[in-house]
Amino acid sequence: MKAKTFFISCLTAISILTSCSEFDQLNQDPDRLETVNPGTMLDPVLYDLAIYNWQRYNSYTGELMQYSSSSSSGGYSRYYFTESTGNSVWNAYYSALSNIKEIEKQAIAYNVPNYQAIALTLQGWVMQMLVDTFGDVPFSEACRAEEGITKPKFDDQKEIYNNIIEGLKTANGLYDENTALNYNTSGELLYASDVAKWHKFNNSILLRILLRAGKTADLKNVLENPAQYPVFESNDDAALLSVSGTYPQEGPITRLQDFYIARNATKFFVDNLNAWNDPRVTLFTTPNEDNQYVGVPSGYETAPDYSVSGLNVTIATAPLKINLISYAEVEFIRAEAAQRGIITTAEAEQAYIRGVRAAIEQWNLKVPDDYFNNPKVIYDGTLERIMLQKYYSLFFCDQQQWFEYMRTGLPTIPRGDGVPAGNEMPHRLLYPSSLQRSNIDGYQAAVENMGGDDYDIKLFWQK
């Protein structure tokens with residue numbers, strides 16, 4: 001693992017802002033090349049992506065989508081953003097993509113279709129997070145510096161989605177559950193080399209993308225043909241990556257006190273859990289001085305004069321599991337598809353119940369016996385009810401709460417009275433400013449195609 005981590009560090013140290021790494025120097029090292037196979041980079045890629053996604057929720061999504069609120073007078077709870085807010089997303093995902101494409105290249109060279117399928121799965125997952133953050137981004141020419149393409153063109157976001165979908169469908173056909181991952185014989189980090197679960201991971205990501213893109217016919221086909229398109233069927237299938245907390249799998253936070261100092265749980269987040277008598281409130285937050293769970297209004301103008309709940313450091317303490325995509329999310333996708341009439345409407349309630357139950361149980365918590373008797377929990381036939389529970393299932397799942405809010409406008413989250421007039425939740429983030437120096441032609445073409453490089457520009461799938 002140490003050798004793998006060193007190798008991935010060499011790759012990620014190379015410049016990213018022109019969209020992916022230059023492999024020429026790497027390929028000049030014959031000793032290192034002899035050690036490379038399609039499985040060499042898999043664990044480092046998975047680990048780095050999981051850690052980054054957790055950190056992204058902790059530093060951005062959680063405050064924006066009202067899990068946490070800092071004592072700062074600015075911040076995401078008041079919709080203050082800078083030109084650099086999206087820089088780490090760009091860097092982290094293009095760095096990962098360069099390594100994933102190398103896995104694909106090696107998989108083709110070694111003629112191992114399962115590794116090629118895994119590479120396509122990971123590419124689709126990473127590219128969607130990139131395009132959902134920015135809109136048009138480099139895709140077809142990304143990670144091709146070794147071919148002399150150092151200023152890749154920006155592809156149209158709809159075309160990227162179409163290509164991601166086709167890539168995931170190709171991967172679905174490549175997975176061979178009867179053939180082992182022969183270069184990760186001791187088991188990779190996510191599924192211990194269980195190809196059947198990788199296959200389900202691929203198609204569960206496909207569901208997420210089809211729903212967001214509004215591809216209802218394809219969505220219906222995948223949901224109704226589990227033999228052809230297997231998806232998650234339980235929490236045992238879910239993409240929850242375990243991090244041990246010991247070197248080299250260190251936890252996502254170096255100083256645990258940084259997780260909770262000067263931060264509190266929000267009223268919106270806590271009030272729903274209290275209304276549901278939900279056991280997650282005791283895991284996600286801490287009681288106040290009166291041993292009650294009370295949140296602070298997000299984006300407040302004046303700090304409350306009562307004691308409020310903090311953030312429970314337990315969820316930041318390794319060993320922990322990091323949510324890449326959960327079984328609960330798959331069931332909420334199924335519930336929404338039924339609620340919208342895409343599949344049999346009778347499936348909506350049972351899918352909703354399975355989703356809620358899975359979202360609680362994935363934290364090793366027990367669903368109270370009377371939980372679904374609560375009028376505020378029972379399925380009421382509305383998309384609002386589905387999306388509110390889905391919001392909690394996406395807890396600490398990269399930027400997915402934000403993406404889903406931009407897609408549906410749900411759940412309805414309150415606007416703080418301290419949010420300045422004119423400040424709004426962004427529909428997208430700005431491109432890194434360095435692109436205007438390193439790839440001005442690509443940047444300008446993207447800006448022209450999208451109608452600007454502003455926070456209020458809606459992506460094609462947004463409400």
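Atom set for the values below is all heavy atoms of this structure, side chains included, hydrogens, waters and symmetry mates excluded. In this chain, residues are counted from 1 in sequence order. Note that the structure is predicted; figures quoted are calculated from it, not measured.
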*Taking atom types as modelled, is there a side-chain donor on Glu331 or Tyr327 under 3.5 Å from an acceptor on the other?*
yes
*Any chance the side chains of Tyr115 and Glu104 put a donor and an acceptor closer than 3.5 Å?*
no
*List the atom of Phe268, the atom of Pro411, and the distance in Å for their closest heavy-atom pair.*
CZ-CG, 4.0 Å
*Distance from Leu283 atom CG to Asn364 atom CG, nearest 0.5 Å?*
9.0 Å
*Would you confirm whether Asp237, through its side chain, and Lys197, through its main-chain N or O, come within 3.5 Å as a donor-acceptor pair?*
no
*Carboxylate-amine/guanidinium proximity below 4.0 Å for Asp278 and Arg280*: yes
*If only atom types and distance count, is the side chain of Ser438 paired as donor or acceptor with the main-chain N or O of Ser434 below 3.5 Å?*
yes
*Aromatic plane relationship, Tyr392 with Trp276 - under 30° parallel, 30 to 60° tilted, over 60° perpendicular*: perpendicular
_Within residues 352-371 or reaching into it, pairs that qualify as ring-ring contact (aromatic ring centres under 6.0 Å, His included) - sequence neighbours excluded_ = Phe284-Trp363, Tyr352-Tyr379, Trp363-Phe395
*Step by step, would you call Phe134 with Trp90 a ring-ring contact (aromatic ring centres under 6.0 Å, His included)?*
CA-CA 9 Å; Phe134 299 104; Trp90 187 278; 5.3 Å; yes
*Taking the side chain as every heavy atom from C-beta outward, state whether Tyr94 and Val126 have any atom pair closer than 4.5 Å.*
no
*Between Asn203 and Val231, is there a donor-acceptor pair closer than 3.5 Å when you use the side chain of the first and the backbone of the second?*
no
_Approximate separation, where rounding is to 0.5 Å, of Glu349 CD and Asp380 CG_ = 10.0 Å
*asked:* Tell me whether Asp136 contacts the main-chain N or O of Phe154 through its side chain, where contact means a donor paired with an acceptor under 3.5 Å.
replied: no
_Distance-minimising heavy-atom pair for Ala328 and Ser393_ = CB-CB, 4.0 Å
*For residues Thr179 and Asn114, is any side-chain donor paired with an opposing acceptor at under 3.5 Å?*
no
*asked:* For residues 316-325, which residue pairs pass the side-chain hydrogen bond (donor to acceptor under 3.5 Å, both in side chains) check, not counting sequence neighbours?
replied: none
*Atom CG in Leu320, atom OG in Ser244: separation rounded to 0.5 Å?*
9.5 Å
*Are there more than 12 heavy atoms of other residues, nucleotides or ligands under 6.0 Å from atom CD of Gln257?*
yes
*Taking side chain as C-beta onward, heavy atoms only, is Leu207 less than 4.5 Å from Leu219?*
yes
*Residues in side chain to side chain donor-acceptor pair (under 3.5 Å) with Thr133, at least two apart?*
Gln399
*Tyr60 and Asp398: side chain donor to acceptor below 3.5 Å*: no
*To the nearest 0.5 Å, how far apart are CD1 in Ile160 and CZ in Phe139?*
7.0 Å
*Answer with yes or no whether the side chains of Asn277 and Asn374 bring together a donor and an acceptor at under 3.5 Å.*
no
*Give a yes-or-no answer on whether the side chains of Asn162 and Lys215 include a donor-acceptor pair shorter than 3.5 Å.*
yes
*Checking side chain to side chain contact (heavy atoms under 4.5 Å, CB included) for the pair Ile325/Arg208: CA distance, chi angles, key distance, verdict?*
CA-CA 9 Å; Ile325 178 171; Arg208 175 192 279 176; 3.5 Å; yes
*Over all heavy atoms of both residues, which pair between Asn184 and Ser193 is shortest? Give the atoms and the distance, please.*
O-OG, 2.7 Å
_Counting the benzene-type ring for Trp, do Tyr405 and Trp402 have ring centres under 6.0 Å apart?_
no
*Considering all heavy atoms, the nearest Asn37-Gly39 contact*: OD1-N, 2.7 Å
*asked:* Check whether Glu384 reaches the backbone of Leu410 with its side chain - one donor and one acceptor, N or O, closer than 3.5 Å.
replied: no
*Assess whether side-chain hydrogen bond (donor to acceptor under 3.5 Å, both in side chains) is satisfied between Asp156 and Tyr161, documenting all intermediate values.*
CA-CA 9 Å; Asp156 180 84; Tyr161 253 75; over 6 Å; no
*asked:* Checking side-chain polar atoms at under 3.5 Å, does Tyr67 have a donor or acceptor matched by the opposite partner on Thr61?
replied: no
_Gln106 versus Glu102, side-chain donor and acceptor atoms under 3.5 Å_ = yes
*Regarding Asn172 and Asn202, is there a side-chain donor-to-acceptor distance under 3.5 Å anywhere?*
no
*For the pair Gln128 (side chain) and Trp125 (backbone), establish whether a donor and an acceptor sit closer than 3.5 Å, ignoring hydrogens and angles.*
no
*Would you say the side chains of Tyr443 and Asp453 form a donor-acceptor pair under 3.5 Å?*
yes
*Any side-chain donor paired with an acceptor under 3.5 Å for Asp218 and Tyr229?*
no
_Residues, nucleotides or ligands: over 12 heavy atoms within 6.0 Å of Glu83 CD_ = no
*Evaluate the criterion side chain to side chain contact (heavy atoms under 4.5 Å, CB included) for residue pair His427 and Leu459; output intermediate values, then yes/no.*
CA-CA 7 Å; His427 289 274; Leu459 307 187; 5.9 Å; no
*Kindly say whether Lys200 contributes a backbone atom to a donor-acceptor pair with the side chain of Ser204 at under 3.5 angstrom?*
yes
_Does the structure place the NZ or CZ of Arg407 under 6.0 Å from the centre of the six-membered ring of Trp461, at an angle of no more than 45° from the ring's axis?_
no
*Closest approach of Ala318 to Val243 (non-hydrogen atoms, all atoms of both residues)*: CB-O, 4.0 Å
*Quick one: are Phe332 and Gln389 in side-chain contact, heavy atoms under 4.5 Å?*
yes
*Quiz item: cation-pi between Arg56 and Tyr52, 6.0 Å / 45°*: no
*Rounded to the nearest 0.5 Å, how far apart are NZ of Lys169 and CD1 of Ile164?*
13.0 Å
_Can you classify the ring geometry of Phe396 versus Phe259 as parallel (below 30°), tilted (30 to 60°) or perpendicular (above 60°)?_
tilted
*asked:* Evaluate Tyr183 against Tyr110 for ring-ring contact (aromatic ring centres under 6.0 Å, His included), listing each step before the verdict.
replied: CA-CA 11 Å; Tyr183 296 107; Tyr110 281 76; 5.5 Å; yes
*Take Arg212 and Gln400 through the side chain to side chain contact (heavy atoms under 4.5 Å, CB included) test and state the conclusion after the steps.*
CA-CA 11 Å; Arg212 200 161 292 165; Gln400 296 303 317; 2.8 Å; yes
*Charged N to carboxylate O under 4.0 angstrom, Glu141 versus Arg144?*
no
*Provide the closest heavy-atom pair for Leu311 versus Ser68 in the form atom of the first, atom of the second, distance.*
CD1-CB, 3.9 Å
*Decide if atom CG of Asn373 counts as having more than 12 heavy atoms of other residues, nucleotides or ligands within a radius under 6.0 Å.*
yes
*To the nearest 0.5 Å, how far apart are CG in Leu241 and CG in Asp43?*
8.5 Å
*Between Arg357 and Asn235, a side-chain donor and acceptor under 3.5 Å*: no
*Does NZ or CZ of Arg428 fall inside the cone over Tyr431's six-membered ring, less than 6.0 Å from its centre and within 45° of the axis?*
yes
_Keeping Asn225 on the side-chain end and Ala227 on the backbone end, is there a donor-acceptor pair under 3.5 Å?_
no
